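These notes are about the structure you will find just below.
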Amino acid sequence: MQGMDRRDFSKSLTMAGIASAIGAPVVFAGTIPKNYVPLALQDPDPFSLFAKDREMTVLNDRPWNIEAKAHLLNDAVTPNRYMFIRNNGILPKQIDADNWTLTIDGEAVERKKVYSLAELKTKFPQHTYQLTLECGGNGRSEFDPPAKGNQWTVGAVSCANWTGIRLRDLLQDVGIKPEAVYIGYHAADTHLSGDPKKEPISRGVPISKAMQEETLLAFQMNGKDIPLAHGYPLRLVCGGWPASASGKWIQRISIRNQVHDGAKMGGASYRVPCESVAPGSEVTDQNMCIIESMPVKSLITFPKSGALLKKGKSLVINGHAWAGELEVSQVHYSIDFGSTWHGCTLEKPVNRLAWQHFRAQVSFPKKGYYEIWAKATDSAGKSQPMVLPGWNPKGYLNNACHRIALKVV
Ligand SMILES: Nc1nc2c(c(=O)[nH]1)N[C@H]1C(S)=C(S)[C@@H](COP(=O)(O)O)O[C@H]1N2
Ligand SMILES: [Mo]
């Protein structure tokens with residue numbers, strides 16, 4: 001990841017330095033314009049920097065925010081190249097995994113402790129779960145009045161295999177006092193302002209979520225070290241909750257005797273009006289509630305929107321559905337703008353908090369333009385709304401039905 005430092009680094013280079021950095025003599029070195037950075041030393045593009053597919057959409061480069069498109073998420077288990085990146089600050093520059101430590105502290109810890117990464121990996125049993133992580137702001141681009149922030153469309157969701165230890169085992173090792181109510185994470189990324197006293201984000205979850213068997217402190221993603229952008233060498237994974245609860249680059253976890261009050265826990269951050277309000281309303285602080293389990297949602301990942309189909313052929317559509325802490329019980333599709341709905345085949349999740357796969361064979365009566373809409377229903381009987389759900393100041397929790405366009409020719 002030296003790539004990220006190349007811009008600063010090349011400024012201070014002499015000609016001899018440039019040649020040694022490139023690994024070859026620069027034949028026409030004498031005619032390089034002043035302050036020109038040779039291409040070989042320029043910042044790599046984000047796709048090569050983070051090993052992302054070139055069809056991914058870059059929403060912001062400071063901090064880096066990159067999302068997938070629906071059809072890129074067709075895999076049952078999301079590979080790194082299609083996994084969205086959501087950063088609130090600047091990625092940690094140098095990671096020394098050999099000397100990485102995790103501190104557990106806070107008002108409600110029995111015995112404050114510092115663990116090395118090696119200790120975490122050897123002292124506690126390891127578990128692997130497939131866990132759905134969706135940014136609370138996924139779908140924000142549809143809100144009206146618009147909400148500030150990254151204009152996520154549908155691609156800020158992933159479901160990878162995460163391997164690590166249960167946070168529960170660690171909390172039991174240090175001991176939790178009866179007054180414990182929340183955990184809060186602290187990480188190694190830095191604030192955009194450069195102020196070392198400010199954290200870009202420091203969120204957490206109630207003790208009950210921290211104690212769930214699927215809540216992991218992970219060191220592997222899809223069977224390999226976690227990629228740097230996704231939290232190497234240690235990240236929290238709290239599946240089914242807004243992914244902001246899943247802290248990356250974790251250095252410290254505090255066991256709190258109150259709701260954690262770190263950066264982006266208060267105000268309008270990852271909070272929505274407790275009761276629905278008219279679009280554009282002012283909402284007082286006491287009437288804002290922290291987002292917990294994410295709402296039911298689905299995504300058609302095949303075919304790609306805009307597909308052409310030969311008349312007389314039927315089409316098998318497929319995708320994923322997820323419902324926060326709950327299971328998805330049904331998925332339906334419509335080809336007539338929601339006036340009639342038909343059932344899809346729906347698989348069980350491979351484990352709790354993993355997304356589920358659906359498919360359906362669809363036939364079209366004649367040539368022309370169609371839309372396919374998908375609608376999932378959770379185990380409590382709640383379905384996705386067909387259009388934008390309740391407005392909130394920051395544009396969270398848009399779980400409206402996903403729609404793709406298609407022509408039969
Ligand atoms: N340390 C740290 N953890 C973080 C963030 C961050 O900016 N810094 N962003 C959070 C948010 S808002 C989301 S949606 C997820 C995104 O995870 P990903 O980039 O691995 O997809 O990470 C969460 N964990
Ligand atoms: Mo997020």
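Worth knowing before you read on, the calculation uses all heavy atoms, side chains too, and leaves out hydrogens, waters and symmetry mates. All values reported here derive from a predicted model rather than from experimental measurement. Order of listing sets the numbers, starting from 1, for every ligand and every atom in it.
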Practice task
For W249, take its heavy atoms, then give the atoms of ligand 1 lying under 4.0 Å from any of them.
Solution key: 1 (N), 2 (C), 8 (N)
Problem - Aromatic ring pairing Y333/H342, orientation class (parallel under 30°, perpendicular over 60°, tilted between) - result: tilted
Exercise for the section: Would you sort out whether H320 and W355 count as a ring pair (Phe, Tyr, Trp, His ring centres under 6.0 Å), showing the intermediate values? Expected result: CA-CA 6 Å; H320 318 291; W355 65 17; 3.9 Å; yes
Exercise for the section: Give yes if a backbone or side-chain nitrogen or oxygen of R86 is under 3.5 Å from a nitrogen or oxygen of ligand 1, and no if not. Expected result: yes
Fill in the blank from the handout: C135 heavy atoms within 4.0 Å reach ligand 1 at atoms 14 (S)
Exercise for the section: Check each atom of ligand 1 against the heavy atoms of A187 and keep those under 4.0 Å away; list them by number with element. Expected result: 1 (N)
Practice task
Would you check whether E134 reaches within less than 4.0 Å of ligand 1, judged by its heavy atoms?
Solution key: no
Exercise for the section: Could you see which bit of F50 sits under 4.0 Å from ligand 1, with heavy atoms only: side chain, backbone, both or neither? Expected result: neither
Handout entry: Distance filter under 4.0 Å to I85 heavy atoms, resulting ligand 1 atoms
Key = 19 (O)
Completion exercise
A student checking ligand 1 against N87 at a 4.0 Å heavy-atom cut-off should list atoms 7 (O)
Fill in the blank from the handout: For atom 12 (S) of ligand 1, the closest protein heavy atom turns out to be Y270 OH, 3.0 Å
Problem - Atoms of ligand 1 close to G247 [distance to a heavy atom under 4.0 angstrom, numbered from 1] - result: 3 (N), 24 (N)
Handout entry: For atom 10 (C) of ligand 1, closest protein heavy-atom neighbour
Key = S244 CA, 3.6 Å
Practice task
Classify the contact between A245 and ligand 1 as side chain, backbone, both or neither, using a heavy-atom distance cut-off of under 4.0 Å.
Solution key: neither
Handout entry: Atom indices of ligand 1, in the order listed, that fall short of 4.0 Å to a heavy atom of N88
Key = 5 (C), 6 (C), 7 (O), 9 (N), 10 (C), 12 (S)
Handout entry: Short side-chain donor-acceptor distance under 3.5 Å, E325 and W241
Key = yes
Practice task
With K123 as the cation and Y115 as the aromatic partner, state whether NZ or CZ is under 6.0 Å from the six-membered ring centre and within 45° of the axis.
Solution key: no
Practice task
For I201, counting its heavy atoms only, list the atoms of ligand 1 lying under 4.0 Å from any of them.
Solution key: 2 (C), 5 (C), 6 (C), 7 (O), 8 (N)
Exercise for the section: Run down the list M221, R235, K248 and name the one with the heavy atom closest to atom 19 (O) of ligand 1. Expected result: K248
Practice task
If you have a sec, work out which protein heavy atom is nearest atom 15 (C) of ligand 1 and how many Å separate them, to one decimal?
Solution key: A243 O, 3.5 Å
Practice task
Mark the output for S158 as yes if a heavy-atom distance to ligand 1 is under 4.0 Å, and as no if none is.
Solution key: no
